[in-house]
Number of protein chains: 2
Amino acid sequence: MPPSDTFRLSGEPAPPLPRHCTSCLSYERGACGVLTPDQLRRLAATALRRRFPPGSQILPPTRAEDLCASLVSGVAKLSCHLEGGRQQIVALATAPSIVAAPFADRDDTRAVAATEVDVCLLRRSTLEDLARENHALEHELHESSLADLRDARELLVTLGRKSARERVAWFLLFMRQRHCRTEEPAPEGSVIELPLSRGDIADFLGLTIETVSRQFSQLKNEGAITVPDGRRFSVRDLRQLEAAAGRA
Amino acid sequence: MPPSDTFRLSGEPAPPLPRHCTSCLSYERGACGVLTPDQLRRLAATALRRRFPPGSQILPPTRAEDLCASLVSGVAKLSCHLEGGRQQIVALATAPSIVAAPFADRDDTRAVAATEVDVCLLRRSTLEDLARENHALEHELHESSLADLRDARELLVTLGRKSARERVAWFLLFMRQRHCRTEEPAPEGSVIELPLSRGDIADFLGLTIETVSRQFSQLKNEGAITVPDGRRFSVRDLRQLEAAAGRA
DNA sequence: CGGGTTCTTGATTTGTTTCAATCGATGTGG
DNA sequence: CCACATCGATTGAAACAAATCAAGAACCCG
């Protein structure tokens with residue numbers, strides 16, 4: 001069944017798709033792309049486009065019960081919190097991806113903007129309804145969960161069994177691979193933006209700021225990377241960096 | 001659309017459901033339960049029931065491309081491997097759950113029996129076909145992936161930010177919660193079987209055998225737990241154990 | 001230019017690993 | 001039935017990697 005409008009006479013003009021949607025990554029290659037025009041309009045009707053500065057919490061907890069956020073641009077950190085101010089970032093989200101996904105039990109994970117972030121706030125119940133009536137949407141969300149699961153498990157190995165040096169090197173390779181919306185890793189030598197501060201990197205890798213900083217310095221001194229400033233780096237010697245990451 | 005056989009005359013007797021299936025947890029409350037009798041028969045037609053002793057690898061790598069395993073009984077460990085013999089267990093699987101799930105990109109995760117394990121080997125392509133034609137099945141698999149994701153992220157916090165003591169205490173509470181197929185945690189004082197050796201626990205928690213052992217001893221000496229033997233424990237003082245786990 | 005924040009670097013401490021030895025259970029063969 | 005080997009678990013001592021504590025240096029923004 002190809003996407004089509006239901007119960008509309010052929011002569012009758014369809015309301016146009018929201019302008020936001022047609023240029024959105026979630027439409028181009030995410031969940032919204034598999035919706036029928038009608039369904040997309042239905043979803044967009046209650047959607048709310050919002051911009052968040054770095055550090056601000058997406059999805060205020062007060063309304064979190066029935067909201068989820070489709071990430072449109074920027075990078076969001078999903079973090080879990082422990083007593084004593086300890087925190088662990090469990091995932092980095094980039095477009096297209098949906099934060100606080102449908103059907104997931106509500107947990108205590110917070111979503112905070114790492115960079116400036118644009119999101120499309122959606123009613124989770126609407127998305128769940130759509131997923132129930134549109135198999136392709138459910139499949140899309142399913143695939144996305146599986147990708148998140150793979151990412152989480154890779155991070156798990158990193159946190160459980162790698163040294164500080166390996167973690168930081170792994171992180172840099174990770175950043176290189178998804179430096180932006182493209183699929184190809186950045187070529188050797190090109191400058192890559194870091195969406196995270198040293199503190200965030202530490203919270204992602206299960207280390208302290210100081211240890212992360214030291215490993216940056218060491219990799220820099222060994223000639224594996226270049227660090228123009230705190231928020232940028234480039235891979236100078238890929239072999240060396242991969243060796244440091246303990247690729248296995 | 002209620003589950004029903006397709007293209008069968010009402011007078012014609014349907015072939016019976018496989019006997020294995022009707023008493024299987026995957027049928028009772030897992031993925032198989034949402035299949036139509038017809039679909040279930042189709043899936044069962046190429047399914048292969050097998051038993052694995054502890055330590056043996058489920059899904060031999062040679063045929064791993066198009067096989068997945070529905071766990072029927074026992075506990076399986078999913079592990080990732082690094083150079084130097086390091087390994088990290090990224091999940092513990094119990095029935096009903098499907099290992100090497102449909103639609104997941106093939107990764108280097110291995111599934112090894114922790115206890116004696118019964119599985120139902122299935123063609124992944126068959127399961128994927130069924131998921132494409134049966135929305136309820138896809139939803140079931142989706143929910144299951146989301147549960148796995150939640151588990152992975154909880155472990156992530158444990159590995160990234162908790163001390164050895166907290167990890168072991170967390171693990172014991174984790175075991176208590178899913179000591180068996182029931183939903184309720186084991187009551188205080190009851191004996192709980194450990195499906196994992198000290199070495200496995202270490203590989204799950206990102207620690208060494210010695211450290212795990214030491215934390216067991218310490219919790220035992222403090223009166224939080226009782227340890228009749230290496231493969232059993234009981235919670236003597238739940239408050240104390242929870243405090244040690246740093247619940248937050 | 002000043003004040004705050006983030007990052008870097010150094011010195012010291014601490015928790016966990018590593019190395020090594022012992023213990024306990026289980027099983028085997030003389 | 002009792003040495004004896006084996007394997008997992010425990011315990012101790014030493015080494016080490018990362019955390020913590022403590023200054024500085026670089027950077028940003030008003």
Side-chain angles (χ1 to χ4, degrees), chain A residues 53-56 77 82-88 114-116 158-172 193-222 225-233 244 246, chain B residues 53-55 77 82 84-88 114-115 158-172 193-222 225-233 244-246:
Chain A
S56 59
K77 9 174 213 180
L82 259 49
E83 56 185 18
R86 292 178 290 179
Q87 81 176 82
Q88 175 64 45
T115 63
E116 182 169 82
T158 300
L159 297 197
R161 288 298 180 211
K162 289 187 185 169
S163 66
R165 176 183 172 81
E166 290 172 315
R167 293 184 206 197
V168 170
W170 172 85
F171 172 74
L172 294 174
E193 302 279 333
L194 288 173
L196 303 184
S197 69
R198 293 288 185 272
D200 287 335
I201 297 171
D203 285 335
F204 188 52
L205 297 177
L207 299 171
T208 59
I209 293 181
E210 296 94 324
T211 300
V212 171
S213 182
R214 272 184 251 273
Q215 299 304 328
F216 265 83
S217 300
Q218 197 177 325
L219 289 168
K220 185 183 65 183
N221 293 335
E222 292 168 3
I225 58 170
T226 293
V227 186
D229 70 77
R231 287 297 192 130
R232 256 183 285 277
F233 79 101
Chain B
K77 13 176 209 178
L82 258 50
R86 291 178 291 179
Q87 82 175 80
Q88 175 65 45
T115 63
T158 301
L159 297 198
R161 287 297 179 211
K162 290 187 185 170
S163 67
R165 175 184 173 80
E166 288 172 316
R167 294 184 205 197
V168 170
W170 172 85
F171 173 75
L172 294 174
E193 303 278 334
L194 288 172
L196 303 184
S197 69
R198 293 288 184 273
D200 287 335
I201 297 171
D203 285 335
F204 188 52
L205 297 178
L207 298 170
T208 59
I209 293 180
E210 296 93 326
T211 300
V212 171
S213 183
R214 272 185 253 271
Q215 300 304 327
F216 265 82
S217 299
Q218 196 177 326
L219 289 168
K220 184 184 66 183
N221 293 336
E222 292 169 2
I225 58 169
T226 292
V227 187
D229 69 77
R231 287 298 192 131
R232 257 182 284 276
F233 80 101

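Letters A, B, ... mirror the listed sequences (proteins, then strands); counts begin at 1.
In terms of modelled atom types and a separation under 3.5 Å, the side chain of B:Arg167 and the main chain of B:Lys162 share a donor-acceptor contact. No donor-acceptor pair under 3.5 Å is formed between the side chain of A:Arg161 and the backbone N or O of A:Thr158. Side-chain N or O atoms of B:Arg198 include one that pairs as donor or acceptor with a backbone N or O of B:Gly230 at under 3.5 Å.
Residue contacts for B:Ser197: at a heavy-atom cut-off of 4.0 Å it reaches the sugar-phosphate backbone alone, with no base atom in range. A:Ile209 comes within 4.0 angstrom of a nucleotide base, judged by non-hydrogen atoms across all strands. At the heavy-atom level, B:Thr211 lies under 4.0 Å from base atoms of the strands shown.
Remark: C1' of C:dT16 and CD of B:Gln215 are 9 Å apart, rounded to the nearest angstrom. The separation between A:Arg231 atom CZ and C:dT8 atom P is 11 Å, rounded to whole Å. One atom, NZ of A:Lys220, and another, P of C:dC7, lie 13 Å apart when rounded to the nearest Å.
The side chain of B:Ser163 contributes no N or O atom lying less than 4.0 Å from OP1 or OP2 of C:dG15.
Nucleotides of DNA chain D that come within less than 4.0 Å of any heavy atom of chain B span, from the 5' end to the 3' end, D:dA9 to D:dA13.
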side-chain contact (heavy atoms from CB on, under 4.5 Å) for B:Phe204 and B:Asp200? Distances and angles first, verdict last. CA-CA 6 Å; B:Phe204 188 52; B:Asp200 287 335; over 6 Å; no

Run the side-chain contact (heavy atoms from CB on, under 4.5 Å) test on B:Leu194 and B:Phe171 for me, step by step, so that the C-alpha distance in whole Å, both residues' side-chain angles and the decisive distance to 0.1 Å come before the verdict. CA-CA 10 Å; B:Leu194 288 172; B:Phe171 173 75; 3.9 Å; yes

All N/O contacts under 3.5 Å from nucleotides 19-25 of chain C to the protein, with atom names and distances to one decimal?
{"from": "C:dC19", "atom 1": "N4", "to": "B:Glu210", "atom 2": "OE2", "distance (Å)": "3.2"}

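Nearest-nucleotide assignment on DNA chain D puts the 5′-proximal partner with B:Asn221, out of B:Asn221 and A:Lys162.
With contacts defined as side-chain heavy-atom distances shorter than 4.5 Å, the pair B:Gln88/B:Leu159 qualifies. Residues B:Glu222 and B:Leu219 have side chains in contact (heavy-atom distance under 4.5 Å, counting atoms from C-beta outward).
The two atoms that bring A:Ala114 and A:Pro195 nearest to each other are CB-O, 3.7 Å, heavy atoms only.
Distances were taken from every side-chain heavy atom of A:Ser217 (C-beta onward) to each of C:dC7, C:dT17, C:dT9; the shortest belongs to C:dT9.
Between the CZ atom of B:Arg165 and the CG atom of B:Leu207 there is a distance of 13.5 Å, given to the nearest 0.5 Å.
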